[in-house]
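Inspection log for the structure reproduced underneath, given as C-alpha cells.
Here is the naming used below: chain letters follow the sequence lines, and residue numbers restart at 1 for every chain. Bear in mind the structure is a predicted one, so any value in this text is a computation, not a measurement. Side-chain atoms are counted along with the backbone in the values below, which use heavy atoms only and exclude waters and symmetry mates.
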2 protein chains.
Amino acid sequence: MSRAALPPAAPRAPLSVDRIAEAALALIDRDGLAGLSMRRLGQALGVEAMALYHHVPSKGRLLDAVMDRLVLDFDLPAPGSMPALDRLRHGLHAYRQIAIAHPHAFPLLVGRRFNSPGAFAVYERLLQAFAELGLSPAQSARWFRTLGYFVNGAGMADIASREQAPDATPLLLQRQPEALPFPQVAAVAPYLRVDRLDDVFGFGLDMLLQALAQQAAQGQTPAR
Amino acid sequence: MSRAALPPAAPRAPLSVDRIAEAALALIDRDGLAGLSMRRLGQALGVEAMALYHHVPSKGRLLDAVMDRLVLDFDLPAPGSMPALDRLRHGLHAYRQIAIAHPHAFPLLVGRRFNSPGAFAVYERLLQAFAELGLSPAQSARWFRTLGYFVNGAGMADIASREQAPDATPLLLQRQPEALPFPQVAAVAPYLRVDRLDDVFGFGLDMLLQALAQQAAQGQTPAR
DNA sequence: ACCTGAACACCGTTCAAGT
DNA sequence: ACCTGAACACCGTTCAAGT
C-alpha cells in the first residue's frame, strides 16, 4: 500500500520553500490550478500534506512562491546588453512565453498582487529601460502599466483561446464562422484563429513600442 | 431550523438559468469567486443545491451564464449614435467599469472562452466600428485583440491593485517606497498608486486609439 | 525542529427516490 | 418536470501527538 522506506544511505531531501514551489508548479503544469491541493502536493513530495505547513503558512503564500519561481523565466535583458527599446521588445516576448509554457500557472501572475523582491528586481530593469529612453517617472509609470496590461491580457487570451478545458463552451469561432448571424464576426473570424496569435501579439507590441519611442523622442527634444 | 414554508398565495418563483445566474453574480460580488458553491447558491435561492442541476449542467456552465449576465453591462454605443472612435472609447471605458463594479466576477471574462450569442453581438458592434473606420478584416482582428488585451489586462490590474485579499502579499509599494533597494521603482512608485489608475487607463487607451486612427487614415488614403 | 494522523467544516457531482 | 437526501471522493486548515 505504501512505498518501501528509502534506505538511510539515500535520505529524502529535506523540504524547502523552493523545492515545494517547484513541485507545485510541476503539478499545476500537469493537472491545472484546480489540480493543485496540499494533499496531492505532499504526495508528490513523499510527505504528508500537513508537513508543508511547516514551510509555507497557507496555500495563498504557496502560490506566491510559485509566482516567484515563474518570474525567473522572465528573460529581460540587462542594461547595456542592447538598446532600451530592444530590451523591452525582447523581454515582453519572453514574458508571453511564460503564458505559453505555463498556461495553468500564468493567471497567478495576472490575478495576484506581486510585490516580492524578485518581482521588484524585474520592475527595476523595466523602469531602467524607460529612464534610458528619457521618460519622466510619471510617464514611466504610465508605460509600465500600459505595457503590462497588454502583455497580461495577451497571455490570458492566448490561454483562453488554446485551452480545451473540460467544461469550456464550444469553439463556435473555429469552424463555420460564415454560418453565424454576425457578418462582421464572420468576416474577421479567420484572422482571430489561434494560428494568428503570434502575428497579433507582434503587431500590438510594435504599435505600443512605436508610440513609446515617438513620445520619448518628443520628451528629449521639446517641441519649438 | 428551516424557514417556514411560504403560503401558496406567494409561491416561490420557479428557477431559471437567468435567475440562477443573477443570484450567482450577487453571491460572487459579496463573497468572491471562491465563495460561490452550488450548496450556498441553492441556499440563497431557497432550494437544495441539487435542484440547480436541472437548469445548469455543471458549475462551469453556470459560470458561463454569469458571463452572459455580466456582458449586459458592456455599454457599447450602437452604430450611428456617435463617431466610431468615440463609440470605441466609450465602450472600452464602460468595459473597465465592469471590472470595478464586479471585481470578483471580472476574471471570468478574462480567463474563460466567451462564445455565447450575447458575446458575439458585442463583438459584432466592435467590429462594425473598425469597419466604419476603413480597417480590413485582417487589421480589424489585430485591433480587436490588441484593444481586448489592453482592457482585460487593465481590469485585472485594477482588481489586483485594489483588492485586499486575506492571503495577499503585503503592499510594499504603497508606503515607504523610498526605503526599497530599487531606485527606479522608488522614483516611479508614487505614480503607480491606486489613485492613478484612472489616469493610466485613459492614457493607454488614448495611445492605442490614436495609433488606430492614424492607421485607419493611412488605409483610406494609400500612400503615394 | 520536523512530521504524522485524526478531525472539522466544507466542496462538485451521482444516484435513487419522492411528488 | 422538478426537487430532495444520502452518499462518494475530495478540499484547506487546526490541533494534539509523536520523534
Side-chain angles (χ1 to χ4, degrees), chain A residues 1-8 10-21 23-24 27-28 30-66 104 108 111-112 165-169, chain B residues 1-8 10-21 23-24 27-28 30-66 104 108 111-112 165-169:
Chain A
M1 187 166 286
S2 64
R3 271 175 292 181
L6 291 171
R12 198 172 56 204
L15 288 180
S16 70
V17 177
D18 285 348
R19 232 166 67 78
I20 293 174
L27 206 51
I28 293 169
R30 204 169 51 107
D31 300 332
L33 253 186
L36 173 70
S37 76
M38 301 303 270
R39 284 172 167 86
R40 304 228 286 143
L41 180 56
Q43 204 175 333
L45 287 162
V47 105
E48 288 298 312
M50 301 316 122
L52 304 172
Y53 282 90
H54 274 271
H55 301 89
V56 156
S58 69
K59 194 179 180 186
R61 294 312 179 103
L62 166 62
L63 295 177
D64 289 339
V66 173
H104 295 112
L108 295 174
R112 296 178 66 82
D167 62 1
T169 48
Chain B
M1 190 166 282
S2 65
R3 269 175 291 182
L6 290 171
R12 199 172 56 205
L15 287 180
S16 70
V17 179
D18 285 348
R19 233 167 67 78
I20 292 173
L27 206 52
I28 293 168
R30 203 168 51 107
D31 301 333
L33 252 186
L36 173 71
S37 77
M38 301 303 270
R39 284 171 168 88
R40 304 227 287 144
L41 180 56
Q43 204 176 331
L45 287 162
V47 106
E48 288 298 312
M50 302 314 122
L52 303 171
Y53 283 90
H54 274 270
H55 300 89
V56 155
S58 68
K59 192 179 180 184
R61 294 310 177 105
L62 167 62
L63 294 177
D64 288 341
V66 173
H104 296 111
L108 296 173
R112 296 180 66 82
D167 62 1
T169 48

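- Nearer the 5' end of DNA chain D, as judged by each residue's closest nucleotide, is the contact made by B/Glu48, out of A/Tyr53 and B/Glu48.
- Nearest heavy-atom pair, A/Leu33 versus A/His104, reported as atom, atom and distance to 0.1 Å: CG-O, 3.4 Å.
- Annotation for A/Leu62 and A/Ala24: closest pair CD1-CB, 4.1 Å, computed over non-hydrogen atoms.
- Taking atom CZ on A/Arg39 and atom C1' on C/dT4, their separation rounds to 13 Å, with Å as the unit.
- Whole-Å rounding puts the B/Met38 CE to D/dG5 P distance at 17 Å.
- Judged by Watson-Crick or G-U wobble contacts below 3.5 Å, the nucleotide D/dC10 has no partner.
- Atom-to-atom, CG of B/Leu33 to P of C/dC11 comes out at 14 Å; the value is rounded to the nearest Å.
- Residue B/Leu41 is out of contact with every strand shown, counting any heavy-atom pair closer than 4.0 Å.
- As a whole-Å value, the separation of A/Leu36 CG from D/dC10 C1' is 14 Å.
- At the phosphate of D/dC11, OP1 or OP2 sits under 4.0 Å from a side-chain N or O atom of A/Arg40.
- Rounded to an integer number of Å, the gap from CD1 of B/Ile20 to P of C/dG12 is 14 Å.
- The CG-C1' distance, from A/Leu63 to D/dT13, rounds to 15 Å in whole Å.
- Atom-to-atom, CE of B/Met50 to C1' of D/dC2 comes out at 15 Å; the value is rounded to the nearest Å.
- Summary of the strand contacts: B/Gly35 and A/His55 both lie near DNA chain C, and taking for each the nucleotide with the nearest heavy atom, the more 5' one is attributed to A/His55.
- Nearest heavy atom pair, residue A/Val17 against residue A/Ala65, reads CG1-CB, 4.0 Å.
- With D/dG12, D/dA6, D/dT14 as the choices, the nucleotide that has an atom nearest any side-chain atom of A/Lys59 turns out to be D/dG12.
- Here D/dG12 is the nucleotide among D/dT14, C/dC11, D/dG12 with the atom lying nearest to any side-chain atom of A/Ser37.
- For the pair B/Arg61 and B/Pro57, the tightest heavy-atom approach, listed with the atom from each and the gap, is CG-CG, 3.5 Å.
- Protein atom CG of A/Leu52 is 10 Å distant from nucleotide atom C1' of C/dC3, rounded to whole Å.
- Panel note: side chain B/Arg30, backbone B/Gly35; no donor-acceptor pair is recorded below 3.5 Å.
- Taking 3.5 Å as the limit, the base of C/dC2 and the side chain of A/His54 contain no donor-acceptor pair of atoms between them.
- The partner of D/dG5 is C/dC15, by the rule that a Watson-Crick or G-U pair needs both atom distances under 3.5 Å.
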